[in-house]
Q: 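Mind having a look at this structure? Questions to follow.
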2 protein chains.
Amino acid sequence: MRRREIVKVALGKEPADTAIVGGRLVNVHTLEILEADVAIKGDRIAAVGDVAHTIGDRTTVIDAGGRYITPGLVDGHLHMYHSYLGIPEFVEAMLRHGVTSTADGFYGQGIVGGPDAVRFFKDAFATMPIRLTFLVPTLAYLQNRELGLTPAPGISKDEMFDMLRWPDCYGLEEPPYLPISWEWEEFLDLFEATLEAGKVISGHASGITPAELQAYVGMGAATDHETVESLDGLQKVRAGMKLLMREGSGCTNVAELSRVRTEHGVDPSTLGFCADVASPEKLWKDGGVDQNIRVAIANGVDPAEAVRMASLSVAQTFRRDHDLGSVTAGRFADLLLVDDLASFDIRTVMFGGEVVVRDGTFVAELPSVTYPGPFYDSVQLSTTVTPEQLRVPAPAGSASVVVRALEVKEGTLVTRETMHDLEVSDGIVQPDIERDVLQIAMIDRLGKGTGIGVGFVTGFGLKRGAFATSVNAVCENVLVVGANADDMALAVNELARVGGGKIVVADGEVRALVELPLLGLLSEDPTSVVMGKFERAFAEIRELGCELASPFSQLEFSGACGEIGDLKISDEGPVRVNPPEKVEVIVSTSED
Amino acid sequence: MRRREIVKVALGKEPADTAIVGGRLVNVHTLEILEADVAIKGDRIAAVGDVAHTIGDRTTVIDAGGRYITPGLVDGHLHMYHSYLGIPEFVEAMLRHGVTSTADGFYGQGIVGGPDAVRFFKDAFATMPIRLTFLVPTLAYLQNRELGLTPAPGISKDEMFDMLRWPDCYGLEEPPYLPISWEWEEFLDLFEATLEAGKVISGHASGITPAELQAYVGMGAATDHETVESLDGLQKVRAGMKLLMREGSGCTNVAELSRVRTEHGVDPSTLGFCADVASPEKLWKDGGVDQNIRVAIANGVDPAEAVRMASLSVAQTFRRDHDLGSVTAGRFADLLLVDDLASFDIRTVMFGGEVVVRDGTFVAELPSVTYPGPFYDSVQLSTTVTPEQLRVPAPAGSASVVVRALEVKEGTLVTRETMHDLEVSDGIVQPDIERDVLQIAMIDRLGKGTGIGVGFVTGFGLKRGAFATSVNAVCENVLVVGANADDMALAVNELARVGGGKIVVADGEVRALVELPLLGLLSEDPTSVVMGKFERAFAEIRELGCELASPFSQLEFSGACGEIGDLKISDEGPVRVNPPEKVEVIVSTSED
């Protein structure tokens, strides 16, 4: 529908399609809550306020019954592939929680499937009742180049510039600051081209120094979603960034960051929300940025301001506020009816003038998606993996060695470098289950020719068995941790056989499997089935001795993933993050 | 300079060109005032905060001496041609008052000189130390089409669409709401094309009804600068508009509109500033949006918020906040040192890293401008005007008539329709100087073939003589008011002879002349000379009996100018505004 069709309705010359009456509007411009009705024509809002003159015989009148009317929620940074869900399943989870717009560059899909996969997801989203702010997936180009690692074909430099020119591209997805600090020409070019096109650079400023922050903002980075401390957040807002305060799986920052508003008093227009990473359970139960609203209000943020942060703030950041982010004339008719703001109990969700959730029940029929054939065959090992390949050989004649190991810890994705004495037996460095020094390996599945990188890890606590994943941020390789090489090899080979997923193995048997056949990243199952499979896998992992709350996430982030430090495993062996350096597993040896 | 050149400076690898130390920064993002230093490289800010690491041997260090550092001011809506100044003179006046960026479509110039004139001004501004937000001058197309009047060639519909595609075009300049309410296809097309290009529709919502407001905002109008009452302003912000609160010549709205913030509590991000119309005296003495800051603070607005409204708010509106509107890394180094915020006493002005005002003294050398030859010959009357052409003939045999007359009133640009009995003598309706019913006429000077429209006016108070202008909003015709037709004709013909301007005539002699030879709109004189000539003209007008504070403005706005009501004069005779209708001068006659 063309926007002009609402003019006649606003002026009372033609009836509205739908009118919502008797609600209390959360006005995210003025931050007031006011009685106001809403007239809708086609997929847009035609008038707000007194809309009696727009109601005709054929107008559907919805009685809001005193509920709050808010804009449909707008997430500023969310990787759908981290939910492991297929497209309709992801969209349904979002809509159930009132999220009618999301920002994504599909970088994981791009690493595995290249630009065709990115375009496929972008185009498939366009058929769904959700509004996508597509951003160039710079990580699908960068991968771990800054750590000196070999990238998969993914997205080429030229393809990033092509995508930037797509008319439905709104900017860049979290290019981190290191390529800027290091003055990599292709990133400097990309940043300048983005600003010249009037598009937006969303940032990723984890662990940034004050000087780097200035350089990064100076090159145009407009947002950060990686902030965890309110004082750090205040510094970033002072520097001119918009904080996208994150409430995701394993990264719950809103309680702390609310203080940027409640204690430091910065203007709410400088603050927005995102989820970034969300497991299926999180999306299904806690939701998306609706959860950010709840946490912010619980931490003292004014409810209207919290709603603003989940809508208008993000729409303004991406310069889409003429279309999104407020219940005002001309914007898409994406809106919610909410019983109570503090609990943000969403009763009705409307997308583009159509009710998709009615009285808490999902009523939309989502289009089905047929995925391309190559999506199903993406876990390509160079050969079947043998247990021998996963073992660390000791220097001839050594009786024991000192190895460096990643230290996995509850509550952080940073893995410190630690040192351990390990015994040598049959020329092989032996893991030490007693002291929780296990083996970890990353295996190339993208035809890079890099092979297998092996190392040690502490913190998983497995007493036996192994578990593996074909998903991990910025690599999307197969990553496995285990108490013995036989189970590790089985886990890897079995994942390859089924086309990817998450697997738990013990004593030569598969104990749990979450198939992710789409690019080795995503499921085709209904969300409840995916959740059930994950639950089973978590139970099996606990059964094997691992007590981490999110063992798969911890495994995924043990793999090299940009500048999240300190020591990580890659398909080229252990790698130190800061400064980047490939390092040997064995630090020193003791002879017999 | 490319933006990337600041990266090395931010990181301390290369020295800054300039560092400003010892100042108190008005941070328009957080609305704090903080001690912070500023490092500059080329024309951009490289770092803010602790910048000691950027200072090298060749860095020019400016000691701010505890002064406030604010962004260069950004005006959201200002017609430079209403200042009557040439380009360098206008730019100097702006810079002296800290205004380093302005938004203009040059619509007056476009009406007289077509697209070539618009492009000339845009390109000439690009050579000046000022940043232009160029907007398509829709009024140069619309003129008074909505009143049914014949337009000059001006800007064609296609030329508007061409300009919208210019890469340095940021949107539309105040297309009013009537063409939207009336669903004129070319405006609906233009609005949709603007939004599709990610550009911005600045609005003009004077006298709009609630339903029309919804239709107008619904089509994408993003701002309004015409608001005069705070409750009306609140309604517009609620509807999703940004208020550009105006402090111009004859339109001083900031005191009242500050209440939208101070009493109604709307977020400061929804409020911005503009001057719209500014005489040379106003620009020279009170300044541009620096005056808005002073008035806002005097009316209770927090100083940091007032500075935000004069900088970041407007930059965000036009989606230029990555380049403009705050003292943060990457933005242009346009900034001010200010002694005191309440008096906003500007000591130093920097544009693009160069000091243009130092300790209150203007130190920049502005490029000279050579105007195109055709600019000097733009007042083209179809023939020399005779007194007879300016008289209103009475119907044969009538002794007296009732005429309709515009009523000019101090403090408003709206001219009401009033009725008056006038004597007939020698077949001519006689003005009545005693009762202040004078003649007014508009004469086509743009080759339209419309000729001369005559009518009556009350409120000017002239006892003798006449005064005339070749400038008037939306017509840019010659407009004259007088106590007798002989002086009126002389005024008009003399203006044509000199190529345009403002003139005061009495008893067959020119008493004062402000030459505006550029398109009949602008002077080439230094500002002090222009002010002197205006002062002389004002004195002469007062001498002739007119006590209006701004007699030329009142004359200009007696001419048809869109939907500013009620009765106006045009080159086709008197015209009623709402609803639009051409009307006769003589309402009824009485016979002998």
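Per chain, numbering begins at 1; letters A, B, ... match sequence-line order. Reckoned from all heavy atoms, side chains included, excluding hydrogens, waters and symmetry mates. Predicted model, so just to flag it, every value in this text is computed and none were measured.
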Q: Please rank A/Ser181, A/Pro167, A/Ala36, A/Pro210 by heavy-atom pairs under 4.5 Å with chain B and give me the top one.
A: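 The answer is A/Ser181.
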
Q: Among A/Val327, A/Val48, A/Thr209, A/Thr270, which has the most heavy-atom pairs under 4.5 Å with chain B?
A: A/Val48

Q: Taking atom CD of B/Glu263 as the centre, does the number of heavy atoms from other residues, nucleotides or ligands within less than 6.0 Å exceed 12?
A: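 Yes - once you tally the heavy atoms of other residues, nucleotides and ligands closer than 6.0 Å, there are more than 12.
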
Q: Does any heavy atom of chain B fall under 4.5 Å from the side chain of A/Asp321, the backbone, both, or neither of them?
A: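 Its backbone and side chain both get close to chain B.
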
Q: Using heavy-atom distances under 4.5 Å, tell me whether A/Lys13 contacts chain B through its side chain, its backbone, both, or neither.
A: side chain

Q: Is the backbone N or O of B/Gly218 less than 3.5 Å from a side-chain atom of A/Arg3, with the two atoms forming a donor-acceptor pair by type?
A: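 Yes, the answer is positive, given that a donor and an acceptor are paired below the 3.5 Å cut-off.
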
Q: So which of A/Asp50, A/Ile180, A/Leu34 has the largest heavy-atom pair count under 4.5 angstrom toward chain B?
A: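 Most heavy-atom pairs under 4.5 Å with chain B: A/Leu34.
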
Q: So do the side chains of A/Glu32 and B/Leu234 get within less than 4.5 Å of each other, counting heavy atoms only?
A: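 Yes; the side chains approach each other to less than 4.5 Å.
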
Q: Relative to chain B, which of A/Val217, A/Leu188, A/Val266 shows the most heavy atom pairs under 4.5 Å?
A: A/Leu188

Q: For the interface with chain B, which of A/Gln214, A/His53, A/Glu196 has the highest count of heavy-atom pairs at distances below 4.5 Å?
A: A/Gln214

Q: After noting the C-alpha distance and the side-chain angles of A/His264 and B/Thr30, does the key distance pass the side-chain contact (heavy atoms from CB on, under 4.5 Å) rule?
A: CA-CA 9 Å; A/His264 303 298; B/Thr30 59; over 6 Å; no

Q: Is A/Ile6 close to chain B through its backbone or its side chain, or both, or neither, when contacts mean heavy atoms under 4.5 Å?
A: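 The side chain, not the backbone.
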
Q: Does any part of the side chain of A/His29, heavy atoms only, come nearer than 4.5 Å to the side chain of B/Asp267, both counted from C-beta?
A: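 In short, these two side chains do not touch, never coming nearer than 4.5 Å.
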
Q: Does a side-chain N-to-carboxylate-O contact under 4.0 Å join B/Arg4 and A/Glu183?
A: no

Q: Where does A/Ala46 contact chain B at under 4.5 Å (heavy atoms): side chain, backbone, both or neither?
A: backbone

Q: Select one option (side chain, backbone, both, neither) describing which atoms of A/Arg2 are under 4.5 Å from chain B's heavy atoms.
A: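 Interface part for A/Arg2: both.
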
Q: Side chain, backbone, both or neither: which part of A/Glu192 has a heavy atom under 4.5 Å from chain B?
A: side chain

Q: Show the nearest heavy-atom pair for residues A/Ala10 and B/Ala211, with the distance to one decimal.
A: O-CB, 3.5 Å

Q: Below 4.5 Å, heavy-atom pairs only: which of B/Val237, B/Leu31, B/Ile45, B/Thr54 has the largest tally toward chain A?
A: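 It is B/Val237.
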
Q: Taking atom NE2 of A/His322 and atom NZ of B/Lys199, what is their separation to the nearest 0.5 Å?
A: 13.0 Å

Q: Can you name the closest pair of heavy atoms from B/Arg238 and A/Thr328 and give their distance?
A: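 Distance-wise, the nearest heavy atoms are O-CG2, 3.5 Å.
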
